[in-house]
Amino acid sequence: MLRVGIVGLGFMGWVHWLVYKRISGIEVVAICEQDPVRRSGDWRSIRGNFGPPGEQVDLSKICVFDSLDKMLSEGEVDVVDICLPPNLHCEAVLKALDAGKHVFCEKPMALNVADCETMVSRSRQVGRRLFVGHVLPFFPEYSVALQAVRSGDYGRLLGGTFKRLISDPKWLKDFYDPTRIGGPLIDLHVHDAHFIRLLFGMPRRALSRGRLRGSVVSFCNSLLEFDDPTIVVSCVSGVIDQQGRPFNHAFELHFERATLQFEFASFADKSESMPLKILTDKGAVIRPAIIAADDIAGFVAEIEEVKACILGDRDSDILGGELARDAIIICQMQSQAVLRGKA
């Protein structure tokens, strides 16, 4: 049985708590939280943009700590699950690694590349696994796309377009603070940056234009260039000021012998989807059967991967620190292109 300590009981900490309840062979034995109300088990104030709201939780069998140092010295945990604000990730990850723990850190990995490099390096030095919570490849439509690329069934991958937009998250007061959360590119677009890196490798240049809120990019449209000039990848991400569409994501992937297309949007009145389709070079339209799942099913698959990697003593080819670091590099390339007005 793998023993987990969750650090930080915000929205993602709550989601992870729910996920561990569904998985055998791994369980939460400790939590670390500064808020005394939440340490008491009252999580009813927790809210997010998907999934169930927080509830009253029974913590009578859980070791509860008010500091990470105490949890690391007194709690008997194998894995530290870090769900703190992004500006606190690096320090917490390093402490957990130095204490001999494996680490699962929510995305974004950090707010800058230097911290990411330090985290990756420390993980190697101490011989402990570092996983970063990039859940997108575990969502059904994105999982099908990834398998299509890896199988080669439709020939070479030629490029694609990606979209990820939200309404202004007014409930998140530090969203545009570059020293705490980092804004839409680092906190939102990083999902697609990671997926692009996973599918295509590392781009060499970003051509980006966007809108700013202070010094932070609030909306961005980019063309990414790769060493192979025949690969064409574009992406749009950021915030719109209207609250009627809280969330929208989509992709279209171009292969030699097929195109994969998917889009989903939640609106104030209802959600709408253009389900995944595969358009073949024979003129057929294939509609893969996607098993209906709830909002946290992708997170279940993600943490199943963490468990399997630790028990199998192997790295993850999806959740590894190097890929997460590269996603931050891509976001910073795009941000600098907008700020400087040149590639």
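Sequence positions, counted from 1, serve as the residue numbers for this chain.
- Counted by atom type alone, Ser121 and Gln125 present one or more donor-acceptor pairs between their side chains at under 3.5 Å.
- From Lys163, atom NZ reaches atom OG of Ser234 across 11.0 Å, with rounding to the nearest 0.5 Å.
- When side chains are defined from C-beta on, Thr118 counts as touching Leu94, because their heavy atoms get closer than 4.5 Å.
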Could you walk me through whether Arg213 and Asp241 pass the salt bridge (Lys or Arg N to Asp or Glu O under 4.0 Å) check? CA-CA 12 Å; Arg213 185 172 298 202; Asp241 291 329; 3.5 Å; yes
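- Linking Ile, Leu, Val, Met, Phe, Trp and Tyr whenever their side-chain heavy atoms come within less than 4.5 Å leaves Val232 and Leu253 in two separate clusters.
- For CD of Glu76, the number of neighbouring non-hydrogen atoms (other residues, nucleotides, ligands) closer than 6.0 Å is 12 at most.
- With a 4.5 Å cut-off on side-chain heavy atoms, Asn248 and Glu263 count as touching.
- Ion pairing of Arg257 with Asp153 is absent here, as no side-chain N (NZ or NE/NH1/NH2) approaches a carboxylate O to less than 4.0 Å.
- Salt-bridge annotation for Asp315 and Arg124: absent, with no side-chain N of the basic residue lying under 4.0 Å from a carboxylate O of the acidic one.
- Contacts classified as ring-ring contact (aromatic ring centres under 6.0 Å, His included) and involving residues 283-323 (residues at least two apart or in different chains) are given here: Phe50-Phe299.
- Summarising the local packing, CZ of Arg314 is surrounded by more than 12 heavy atoms from other residues, nucleotides or ligands at distances under 6.0 Å.
- Here the CD atom belonging to Glu27 is positioned 10.0 Å from the NZ atom belonging to Lys61, to the nearest 0.5 angstrom.
- Asp81 and Tyr20 share a donor-acceptor pair across their side chains, judged by distance under 3.5 Å alone.
- Between His194 and the choices Ile330, Ile318, Leu136, Val132, the side chain to side chain contact (heavy atoms under 4.5 Å, CB included) rule is met once, by Ile318.
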(request) Applying ring-ring contact (aromatic ring centres under 6.0 Å, His included), run through Phe104 and His16 and close with a yes or a no. (result) CA-CA 11 Å; Phe104 177 50; His16 287 192; 5.2 Å; yes
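- Side-chain contact check for Ser67 and Asp69: no donor-acceptor pair (N or O, by modelled atom type) lies under 3.5 Å.
- Val79 and Val77 fall into different hydrophobic clusters, where Ile, Leu, Val, Met, Phe, Trp and Tyr are joined by side-chain heavy atoms under 4.5 Å apart, directly or via other members.
- Annotation: Glu91, atom CD; neighbour count of heavy atoms from other residues, nucleotides and ligands within 6.0 Å does not exceed 12.
- Leu2 and Leu97 fall into different hydrophobic clusters, where Ile, Leu, Val, Met, Phe, Trp and Tyr residues are linked whenever their side-chain heavy atoms come under 4.5 Å apart, directly or through other members.
- A distance of 12.5 Å separates CE of Met109 from CD1 of Ile186, quoted to the nearest 0.5 Å.
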* Step-by-step salt bridge (Lys or Arg N to Asp or Glu O under 4.0 Å) determination, Arg22 to Asp294 -> CA-CA 13 Å; Arg22 297 190 184 185; Asp294 62 21; 2.4 Å; yes
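- No hydrogens or angles considered: a donor-acceptor pair under 3.5 Å links the side chains of Asp168 and Tyr176.
- Applying the 6.0 Å contact sphere to CD of Gln34 captures no more than 12 heavy atoms from other residues, nucleotides or ligands.
- Between Lys307 and Glu302, no side-chain nitrogen of the basic residue sits less than 4.0 Å from a carboxylate oxygen of the acidic one, so the salt-bridge criterion is not met.
- Note on ring orientation: taking the six-membered ring where Trp is involved, the planes of Phe264 and Phe247 are tilted (angle from 30° to 60°).
- A donor-acceptor contact closer than 3.5 angstrom links the side chains of Arg38 and Ser45.
- Between the side chains of Ser266 and Ser271, no donor-acceptor pair of N or O atoms lies under 3.5 Å.
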- Dump the intermediate steps for side-chain contact (heavy atoms from CB on, under 4.5 Å) on Ile82 and His89, then the final yes or no. CA-CA 7 Å; Ile82 296 173; His89 284 180; 4.1 Å; yes
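- In this structure, the separation between CG on Leu111 and CG on Asp177 is 9.0 Å, given to the nearest 0.5 Å.
- At a threshold of 4.0 Å, the pair Arg197-Asp192 does not count as salt-bridged, since none of the basic side-chain nitrogens sits closer than that to a carboxylate oxygen.
- In this structure, Arg211 satisfies the cation-pi test against Phe219, with its NZ or CZ atom closer than 6.0 Å to the six-membered ring centre and inside 45 degrees of the ring normal.
- The side-chain heavy atoms of Phe138 and Ser143, taken from C-beta on, include no pair separated by under 4.5 Å.
- Put simply, CH2 on Trp14 and SG on Cys83 are 13.0 Å apart, with the number rounded to the nearest 0.5 Å.
- Note on ring orientation: taking the six-membered ring where Trp is involved, the planes of Phe162 and Phe251 are tilted (angle from 30° to 60°).
- Between His249 and Phe262, the distance from one ring center to the other falls under 6.0 angstrom.
- A donor and an acceptor atom, one from each side chain of Glu252 and Thr161, are nowhere located under 3.5 Å apart.
- Summarising the geometry of Ile26 relative to Met1, their closest heavy-atom pair is N-SD, 3.2 Å, with the distance given to 0.1 Å.
- Distance check: Leu339 CG to Leu212 CG gives 5.5 Å after rounding to the nearest 0.5 Å.
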